Each structure stands twice: as C-alpha cells, then as structure tokens.
Amino acid sequence: MARRGRPTVEITLSAEERSTLQRWARRHSSAQSLALRSKIVLACADGHTHAQIAADLGCNPVTVGKWRHRFAVDRLDGLVDAPARARPARSATT
C-alpha cells in the first residue's frame with residue numbers, strides 16, 4: 001500500500017547524536033519537553049511512523065512532525081529551547 005501525505009524527512013543519527021539524545025531522554029535533570037523531543041527523534045531514527053510515535057509517547061502526530069523537521073534542519077540545536085526574549089519595560093504614564 002502506498003504511503004499518503006507528504007514524504008517524511010529521513011533521520012539518520014551519528015553515534016554522538018544518538019548518545020546525546022539518549023542521555024537527554026533519560027536524565028532526571030532534563031526538562032520534560034527536551035526529553036520528549038529527544039524520544040521523538042530517536043523513534044524517528046528507528047523508522048517509526050508519526051502515528052506510532054505519537055501513540056507511544058502520548059503526543060500529537062503534528063508534534064512529532066514538527067520536531068522531526070526541526071531536527072532535520074538544525075540537528076541537536078533545533079531541539080533546545082531558545083532563550084526567552086525579555087519584554088521591553090513599559091514606561092508608566094499617569
């Protein structure tokens with residue numbers, strides 16, 4: 001049966017990337033969002049579908065696609081949250 005929808009980006013990990021993702025996924029001090037992203041990319045590299053990964057990890061298939069694409073573009077840097085930009089102070093006018 002032919003696959004439907006957009007073609008998915010193939011994820012191939014180097015040994016160093018796989019090691020880093022596995023460490024982030026199981027480290028207790030990792031943010032839960034980073035751990036989830038790491039698990040998503042590891043599952044993508046193992047050849048699972050978005051639907052399978054989403055069901056296993058309890059997230060939406062769109063979320064899986066988002067992090068697969070981000071990793072494909074920016075590799076490990078794409079999974080880490082960017083620092084929040086501070087909102088400029090508002091001057092008080094009375």
Side-chain angles (χ1 to χ4, degrees):
M1 180 176 200
R3 295 179 76 180
R4 298 184 327 204
R6 293 184 192 164
T8 55
V9 178
E10 184 72 28
I11 299 293
T12 304
L13 300 174
S14 68
E16 183 179 331
E17 287 174 330
R18 183 173 289 278
S19 172
T20 300
L21 289 168
Q22 288 171 336
R23 190 173 62 248
W24 286 350
R26 68 175 179 257
R27 187 173 64 180
H28 293 293
S29 62
S30 289
Q32 289 302 302
S33 57
L34 180 59
L36 176 64
R37 295 169 194 170
S38 299
K39 290 174 187 177
I40 288 171
V41 173
L42 287 166
C44 289
D46 291 339
H48 299 290
T49 66
H50 288 191
Q52 290 170 325
I53 296 167
D56 291 346
L57 298 178
C59 64
N60 193 303
V62 174
T63 303
V64 175
K66 171 184 178 176
W67 293 110
R68 175 192 292 264
H69 177 74
R70 283 237 189 130
F71 183 82
V73 172
D74 296 323
R75 306 309 288 181
L76 293 174
D77 291 337
L79 302 182
V80 181
D81 287 325
R85 293 186 296 169
R87 186 175 183 190
R90 297 174 65 189
S91 60
T93 55
T94 52

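Predicted, not measured: the structure shown is a model, and the values here were computed from it.
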Atom pair CZ/CG of R27 and L34 - distance to nearest 0.5 Å: 7.0 Å
CG (D56) and NE2 (H48) are apart, to the nearest 0.5 Å, by 7.0 Å
Is any side-chain heavy atom of C59 closer than 4.5 Å to a side-chain heavy atom of I40? yes
Please check: side-chain N/O of T20 versus main-chain N/O of E16, any donor-acceptor pairing under 3.5 Å? yes
I need the L36 CG to Q32 CD distance, nearest 0.5 Å. 8.5 Å
Carefully, step by step, assess R18 and D46 under the rule salt bridge (charged side-chain N to carboxylate O under 4.0 Å, His left out). CA-CA 11 Å; R18 183 173 289 278; D46 291 339; 3.5 Å; yes
For V80 and R37, work out which heavy atoms get closest and say how close. C-NH1, 4.2 Å
Ignoring hydrogens, what is the shortest heavy-atom contact between A54 and N60? Give both atom names and the distance. CB-C, 3.8 Å
Measure across R75 and T12 and return the closest heavy-atom pair with its distance rounded to 0.1 Å. NH2-O, 2.9 Å
Could you check if a side-chain atom of I11 sits within less than 4.5 angstrom of a side-chain atom of R68, using non-hydrogen atoms only? yes
Before you tell me yes or no, could you show the steps for L42 and L13 under side-chain contact (heavy atoms from CB on, under 4.5 Å), namely the whole-Å CA-CA distance, both residues' side-chain angles and the distance that decides it to 0.1 Å? CA-CA 8 Å; L42 287 166; L13 300 174; 3.9 Å; yes
L79 side chain near L21 side chain, heavy-atom distance below 4.5 Å: yes
Shortest non-hydrogen contact between W24 and S38, atoms and distance: CB-OG, 3.4 Å
With side-chain contact (heavy atoms from CB on, under 4.5 Å) as the test, would you mind laying out the steps for F71 and L76 before giving the verdict? CA-CA 6 Å; F71 183 82; L76 293 174; 3.9 Å; yes
